[in-house]
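A quick write-up on the structure given underneath.
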Amino acid sequence: MKKVAILLLGSCLGNTALAGGKADPMLGSVIINELERRSDQRESAVDMEAWLGHDIDKLWVKLERSAEAGSTDEAALQLLYSRAIAPFWDLQTGLRRHIDDGDADNALVLGVQGLAPFNVETDAALFVDDDGMVTAEIELGYELRFTQQWILEPEITLIAHSETDRERSLGSGLAEVETALRLFYYPQREWAPYVGLAWHRTLGDQRDFAETAQSEQWLIGIRGWF
Amino acid sequence: MSKILSTPLPRRRFVTGAAAGAALLGLSPGSVLARSPQRQPGQVPELRGQRFDLHIAYQSVNITGRDALATVVNNSLPAPTLRWKEGERVHLRVHNHLAADSSIHWHGMILPSNMDGVPGMSFAGIKPGSYYDYTFDVQQSGTYWYHSHSGFQEQTGVYGAIVIDPAEPDPVQADREHVVVLSDWTDQAPEALYARLKKQSHYYNRRERTVGDLWQDLREKGLSATWQDRAMWNRMRMSDSDIADINGLAYTFLVNGHSPDDNWRALFKAGETVRLRIINAAAMTLFDLRIPGLEMTVVAADGQNVEPVTVDEFRIAPAETYDVLVRPSADRAYTLFAQSIDRSGYACATLSPNSEWQAEIPAMDHAPRLHHRDMGMDHSAMAMAGAAHAGHTPNPATPSGDMNHGSMNHGKMDQRDMSRDVDSHAGHGPPAEMDHRHHGMHSQTVPPDAPIAPAGAGSRAVISHPASENNPGVDMQAQMPANGLDDPGIGLREHAQRYGRRVLRYSQLFNLGKTLDRRDPERELAIHLTGNMSRYMWSMDGVMFDDAEPILLRFGERLRIVLINDTMMTHPIHLHGLWSELETGEPLRIPRKHTIIVQPGSKISYLVSADAVGRWAYHCHLSFHMPGMFREVRVIGGAA
């Protein structure tokens, strides 16, 4: 999986300048949404995506990884086919490989990504894994622009599971909420360092498996794209 | 390759365009922008006669202080001015020394289709190391220009002026004339700019709404009006500061190839009448041009003589040309000042009796914001669109929306419009075009089965949106398009009140001679200019050029084209090979243009006589809209 990702990233780089007067050139982009260090236990997190394709059809890769003291704690890699279905919306479908404390599972993905009215950045998906467990994840973000360079971005992520799975420590119902507030400074359009605060809460049946129901963390990180 | 490549163009120094942009946006200009000693800008070479050899080649240039690669004609940027005479036959051998296919299009020329120079349509293009012989009779006079129609070569330097002397004595008499070619230069590859816009369409917009703007709106307008205004934009997921896709952050704006710091010089003697032939050869920039201290009498538009109209300022879109007369009576210098539509930078030159003198360079005007009318909607239509968008489907065509508005009582309509405009202009006074918009409303009250309006009157058909617009490439539809004829354009509407300047409007253009083809149109063709700002996709009727069928015209027919702008950008639309006869309300004095500005959220109409058989290009002249917002117009049925 990792090799595939690297291969895809490589081909994006080679294809960024193929426009040549065509209306719809093949383009690629790598987007690092968050690359951050968290205040708890030397924890770090990465949230990045990359795409390759045309106006309507794109191949999309999403990677999320959190690590503690350098070793992977949890990671998810998605390989998706993305199709524009409305002026502001892409339908995305494909596969996700999810690794949690060394246990891996695979899931089918069906999601939508885009800009909701009132400029709410939205990434919502359903994951159906081998055992028929359905996980729903929705991520909403908003840019509050103080100046052209200073942007505050509130973000909320909700995760819910269809059933309880004791082996994997998953509880049914709305399981996790994470809200984060990040303050970005954009010296250029392409990248921005930021500081932030994240607040994580475990809910419902999921609480039975959680060490702590609630945690707060300071963040420091960088965002960028090309 | 060619020996033409050997000599670099003279080194030029930075760059008021980007510097002004930086200052404007509150960035520190930094020491690199310090003005260097003035050097005397040279003149663009002029070639006369009937036989011409033009060599397109790469050339190292230094316009911003850094070396960059340009594509130029005969070592010159802009390309040499070609001087022809009406009635003569010209022979132009165009050599391509580039590594890619090239072409020259003679912009505004009425000529055989195979001489028009559009690769894949008129001919196969000029292969590297090869040449093409263009031969045609010059059937017109006035100011035109030529440029590459291949890739983004026009952006990198392949453009130049054409001046055609009339066969009969010129009705426009001047003691002296100067050609003024405006353009936008970037050191970056145009393909890279285009790719960047596809990835982040608002990349160059540094005037996005901030919390501070919101606070100011709340204080000025109150909570309710602010909420209504912001809700509309936010539901639409659009920005009211999307005025220019690319601006002074990337571009240096040039006059005859010279940056503002170079300050190209044109001479006159006090008391003379000076004719300025102004050509906008920019890839992406609309300019608002004025000469502080001088009024300008517009005598020709797109090469064709018009009844003289005196103004203080006019907007010129890419591909348009205007000839103006100025009569400087004082022994002093004047600045020719062309600010970009979004006020992110300017091109300038000096008109002076003495090459040492220079006049003050004025500050740029306020930066415009888009208003509700630029979306072609009123509040109720907006809510409708918002609801449709919320359902994740493009806004479907709703003729009932049009009908409702059409059947509204006019008095009531005007009030609604007025209060809206006063709101959005925040106390700057009602715009001058108000009653004319009312006129535009009128046209929609006519039932759709009414006979086609006579020549000059404009269309009165109800606007409906084709189903092909319902796709991810279209993010907006003008449900109630404003009348684009009498609109001076975004940022110029309040000029009379704000600055006391008279700004040219299309409705003031009347041909100097009588309309040649007096027939009324037999049919109407409605074409919607469409796009998706955030995906940076452009199309006509929601269909990109690659997927589109040609528009078929019968040889000899007279038709009316109605353009409806379903986007929030200003598009200059250019029809090759045939005149676009703009309907300004006077059937016997219809002005002939080759490029027509269509205001955002507006409609405009013109007549076309299909008097030239062949395949013609029809497109938006903004270089980065053109690949998608493009059609082939095919005139069939007559003798070739």
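Per chain, numbering begins at 1; letters A, B, ... match sequence-line order. If you're wondering where the values come from, they're calculated on a predicted model, not measured in any experiment. No hydrogens, no waters, no symmetry mates; every other heavy atom, side chains included, goes into these values.
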For chain A, the option from Q200(B), M544(B), E208(B), K198(B) that forms the most heavy-atom pairs under 4.5 Å
E208(B)
Heavy-atom contact with chain A under 4.5 Å, split by part of [X]:
{"X": "H625(B)", "value": "neither"}
{"X": "R230(B)", "value": "neither"}
{"X": "A189(B)", "value": "neither"}

Under 4.5 Å heavy-atom distance to chain B, tell me which part of I31(A) shows up: side chain, backbone, both or neither.
neither
Structural part of W225(A) lying under 4.5 Å from a heavy atom of chain B:
side chain
Between the main-chain N or O of V543(B) and the side-chain N or O of D547(B), is there a donor-acceptor pair closer than 3.5 Å?
no
Does a side-chain N-to-carboxylate-O contact under 4.0 Å join [X] and [Y]?
{"X": "R631(B)", "Y": "D541(B)", "result": "no"}
{"X": "R369(B)", "Y": "D229(B)", "result": "no"}
{"X": "R83(A)", "Y": "D90(A)", "result": "no"}

Checking T210(B) against T147(A): is there a side-chain donor and acceptor pair closer than 3.5 Å?
no
